[in-house]
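Scroll down for the structure; my scribbles are underneath it.
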There are 2 protein chains.
Amino acid sequence: MVNRSALSQSKFAHDPTPVYFKLQKILLEQIESGQWEPGARISPERELARMYSVSIGTVKKAVLNLVQQGFLYRIQGKGTFVAGTTLKRESLRYYRLLRNLLDDEAVLKIKFIELTERGGFYPANRQLGLRLKENLYEVKRMFFTGKKPVIYSISYLPQKMFKDLKDLTPSNFERDTLYHTLEKRYNLPTISNQELFGAVPAQEKIAKMLQVPVGTALLQIEMLSFTYRQQPYEYRLSYCITHERKVYAEI
Amino acid sequence: MVNRSALSQSKFAHDPTPVYFKLQKILLEQIESGQWEPGARISPERELARMYSVSIGTVKKAVLNLVQQGFLYRIQGKGTFVAGTTLKRESLRYYRLLRNLLDDEAVLKIKFIELTERGGFYPANRQLGLRLKENLYEVKRMFFTGKKPVIYSISYLPQKMFKDLKDLTPSNFERDTLYHTLEKRYNLPTISNQELFGAVPAQEKIAKMLQVPVGTALLQIEMLSFTYRQQPYEYRLSYCITHERKVYAEI
DNA sequence: GCTCATTTGTTCGTATGTATC
DNA sequence: TGATACATACGAACAAATGAG
């Protein structure tokens with residue numbers, strides 16, 4: 001044994017990986033494994049420095065990198081905390097509907113339609129990295145601006161990841177975004193999103209839901225959400241009426 | 001005079017702004033004002049430390065923040081350089097067309113259609129922050145996957161910002177993206193993008209261009225591009241056929 | 001409202017490693 | 001090989017915010 005932390009380098013067996021990076025990986029491991037829940041305070045820098053026999057500057061660098069990446073946040077005088085789906089990731093949480101690029105975001109109201117259990121099917125299970133026979137939850141919701149329906153969305157979630165999802169009440173789905181609900185209930189923050197935008201004519205069923213004529217041009221959004229370790233957990237199809245407001249993205 | 005650099009604090013007139021932040025602002029000022037062109041090497045950290053009478057660690061912090069924000073990049077052993085539209089901003093440079101979320105990006109070919117001078121008009125000049133009577137360039141292009149037209153785009157650029165744009169040849173527009181062309185010719189990197197996605201039925205003219213029936217559901221993208229200091233420089237309307245491939249975004 | 005212990009933030013400086021040319 | 005420049009690591013000192021008493 002060369003040293004207790006195994007972070008610093010042995011004199012032989014030269015490992016070029018920086019110490020701060022190894023520490024960073026160790027901390028990330030703890031966060032991702034759920035040992036530390038969102039909002040929990042982690043050890044202060046001095047303590048980490050002592051625990052891993054590194055300098056405070058090195059701890060600071062590791063921690064600040066994780067802050068930068070959005071996994072932690074720090075409050076001067078209080079401590080360093082595990083972040084959930086927060087901060088700069090705020091923007092991915094929701095549909096953002098604007099009349100034009102200078103407009104303010106419209107406030108959306110959510111209406112829960114139904115939650116059903118169903119068998120797996122091709123595009124969803126493929127994107128979610130599941131075997132075809134694995135079962136899914138299907139969550140249908142409608143979004144309104146004022147009294148006008150604007151978005152109809154169908155989410156597919158792996159049953160094995162969300163054991164007692166069907167115990168949730170409609171108001172759980174209506175008072176908060178799906179992101180928040182899943183984060184709070186399953187301790188599962190959202191790390192990234194992929195989206196595909198397309199235009200489709202409204203089919204009969206969807207046209208009826210959205211109260212538009214069949215064939216109306218609708219914006220279709222195919223979305224895949226990821227949590228830690230690039231693990232996909234939700235595949236969502238949305239259909240949006242974009243006559244009045246359009247869907248905003250910023251890069 | 002308290003000290004030559006004015007970065008450190010006077011004993012009186014207590015300014016809580018950190019020194020590294022002031023230095024950061026000074027450096028950003030130089031970059032944004034165009035005094036340092038993209039690719040140019042800036043002074044080494046030791047020299048900056050001497051010039052502004054601060055420690056090397058403080059210079060490092062300021063510079064690394066600007067690296068983080070994408071304004072600079074560093075190469076160990078070589079120096080610190082001014083970035084153009086590069087690195088993590090790569091993703092905003094182009095339409096990304098995918099069949100599905102696991103597909104590879106399609107390769108697009110650009111066809112230049114025409115560049116015309118025109119008067120200002122409401123939505124464009126409004127978004128570009130111009131007075132209504134200021135003139136614009138209008139650039140029409142078509143994008144193909146293989147031999148199929150997939151995107152028709154119309155860009156509006158302020159004439160006063162791009163003096164001799166009409167001297168460019170079609171091949172200038174076809175061999176490179178508009179981003180690259182403008183960056184190289186006008187030293188104008190792209191810092192951010194705003195986009196609005198909507199679905200519209202194809203009108204006669206556009207349907208003809210894209211070789212689809214009138215009324216086909218098309219994805220409409222309204223885009224505004226910004227350079228330094230949140231200065232908008234291009235307003236673009238695109239119409240995309242999304243039957244085969246859809247437009248990808250990642251958050 | 002004040003003081004104190006705790007914790008993060010800023011700034012300094014030094015030494016050494018590593019990449020480039 | 002040597003000079004230059006960035007990267008890593010250490011640690012000290014003080015500032016500023018927080019919360020408890």
Side-chain angles (χ1 to χ4, degrees), chain A residues 2-3 5-27 36 39-68 71-83 87, chain B residues 2-3 5-27 36 39-68 71-83 87:
Chain A
V2 174
N3 71 65
S5 71
L7 281 190
S8 9
Q9 339 234 322
S10 142
K11 211 185 302 180
F12 319 100
H14 184 49
D15 175 7
T17 313
V19 177
Y20 75 86
F21 192 78
K22 289 188 220 162
L23 176 55
Q24 199 177 313
K25 257 180 47 188
I26 291 173
L27 297 176
W36 295 338
R41 204 192 78 177
I42 73 170
S43 315
E45 25 180 56
R46 277 199 200 83
E47 199 174 329
L48 289 173
R50 200 169 37 71
M51 281 166 57
Y52 294 100
S53 311
V54 296
S55 80
I56 253 189
T58 302
V59 172
K60 210 179 261 289
K61 178 142 188 169
V63 169
L64 286 182
N65 282 343
L66 292 172
V67 168
Q68 181 59 51
F71 293 104
L72 296 172
Y73 61 95
R74 318 190 88 188
I75 301 176
Q76 185 176 157
K78 285 187 78 172
T80 304
F81 304 85
V82 177
L87 305 166
Chain B
V2 175
N3 72 65
S5 70
L7 281 190
S8 8
Q9 339 236 322
S10 143
K11 210 183 303 179
F12 319 98
H14 183 49
D15 174 9
T17 314
V19 178
Y20 75 85
F21 192 78
K22 288 188 222 164
L23 177 54
Q24 198 177 314
K25 257 178 49 187
I26 291 174
L27 297 176
W36 295 338
R41 206 190 77 177
I42 73 170
S43 315
E45 16 177 66
R46 275 200 205 85
E47 199 174 331
L48 289 173
R50 200 169 36 72
M51 281 166 57
Y52 295 99
S53 312
V54 297
S55 81
I56 270 194
T58 301
V59 172
K60 205 178 263 292
K61 179 145 188 166
V63 168
L64 286 181
N65 282 343
L66 293 172
V67 168
Q68 181 60 50
F71 293 104
L72 295 173
Y73 62 96
R74 316 190 90 185
I75 301 176
Q76 186 176 155
K78 286 187 78 172
T80 303
F81 305 85
V82 177
L87 304 166

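Sequence lines set the chain letters: A, B, ... in the order given, protein chains first and strands last, and positions in each chain run from 1.
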I want to verify a distance call: between dT8(C), dT8(D), dA7(D), whose nearest atom is closest to the Y20(A) side chain?
dT8(D)

Among dA15(D), dA9(D), dT18(D), which nucleotide sits nearest the side chain of S55(A)?
dA9(D)

How many whole angstroms separate atom OH of Y52(B) from atom P of dT11(C)?
16 Å

Looking only at dA9(D), dG9(C), dT10(C), the nucleotide nearest the P18(A) side chain is dA9(D)

Given dT8(C), dA9(D), dG17(C), identify the nucleotide with an atom nearest to the side chain of R74(A).
dT8(C)

With respect to the side chain of T80(B), which nucleotide from dA9(D), dC6(D), dC12(C) is positioned closest?
dC6(D)

Which nucleotide in dT18(D), dC12(C), dA15(D) has an atom nearest any side-chain atom of Q76(A)
dA15(D)

Could you go through residues 39-48 of chain B and list every donor-acceptor pair under 3.5 Å that involves a side-chain atom there, pairing it with any protein atom two or more places apart or in another chain?
unit_1: E45(B); atom_1: OE1; unit_2: K60(B); atom_2: NZ; d: 3.3
unit_1: E45(B); atom_1: OE1; unit_2: R74(B); atom_2: NH1; d: 3.3
unit_1: E45(B); atom_1: OE1; unit_2: R74(B); atom_2: NH2; d: 2.9

Report the distance from atom CZ of F21(B) to atom P of dT11(C), rounded to the nearest whole Å.
12 Å

Do any of residues 40-49 of chain A sit with a heavy atom less than 4.0 Å from DNA chain C, and if so which?
R41(A), P44(A), E45(A), R46(A)

Distance in angstrom units between L23(A) CG and dA9(D) C1', rounded
13 Å

Let me know the distance between CG of L64(B) and P of dT11(C), rounded to the nearest Å.
14 Å

Close side-chain approach of Y52(A) to T58(A), heavy-atom, < 4.5 Å:
no

Tell me which of K60(A) and G79(A) sits closer to the 5' end of DNA chain C, going by the nucleotide each one is nearest to.
G79(A)

Measure from CD1 on I56(A) to P on dT6(C) and round the result to the nearest Å.
14 Å

Rounded distance [0.5 Å steps], CD in Q24(B) versus OG1 in T17(B):
11.5 Å

Within this structure, what is the NZ-to-P distance between K22(A) and dA7(D), rounded to whole angstrom?
19 Å

Would you compute the distance between atom CG of L64(B) and atom OH of Y20(B) and round it to the nearest 0.5 angstrom?
12.0 Å

Heavy atoms from C-beta onward define the side chain here; which of dG19(D), dA7(D), dA17(D) lies closest to that of K78(A)?
dG19(D)

Give the rounded distance in Å between these two atoms: CG of N65(A) and P of dA7(D).
13 Å

Looking at dT10(C), dT20(C), dA9(D), which one has an atom nearest to any side-chain atom of I75(B)?
dT20(C)

Value for CG (L27(B)) from NZ (K25(B)), rounded to nearest 0.5 Å, stands at 12.0 Å

Which residues pass the ring pair (Phe, Tyr, Trp, His ring centres under 6.0 Å) test with F81(B), sequence neighbours left out?
Y73(B)

NZ/K61(A) to CG/N65(A) distance, rounded to the nearest 0.5 angstrom?
6.5 Å

Whole angstrom is fine here: how far is it from NZ in K61(A) over to P in dT10(C)?
16 Å

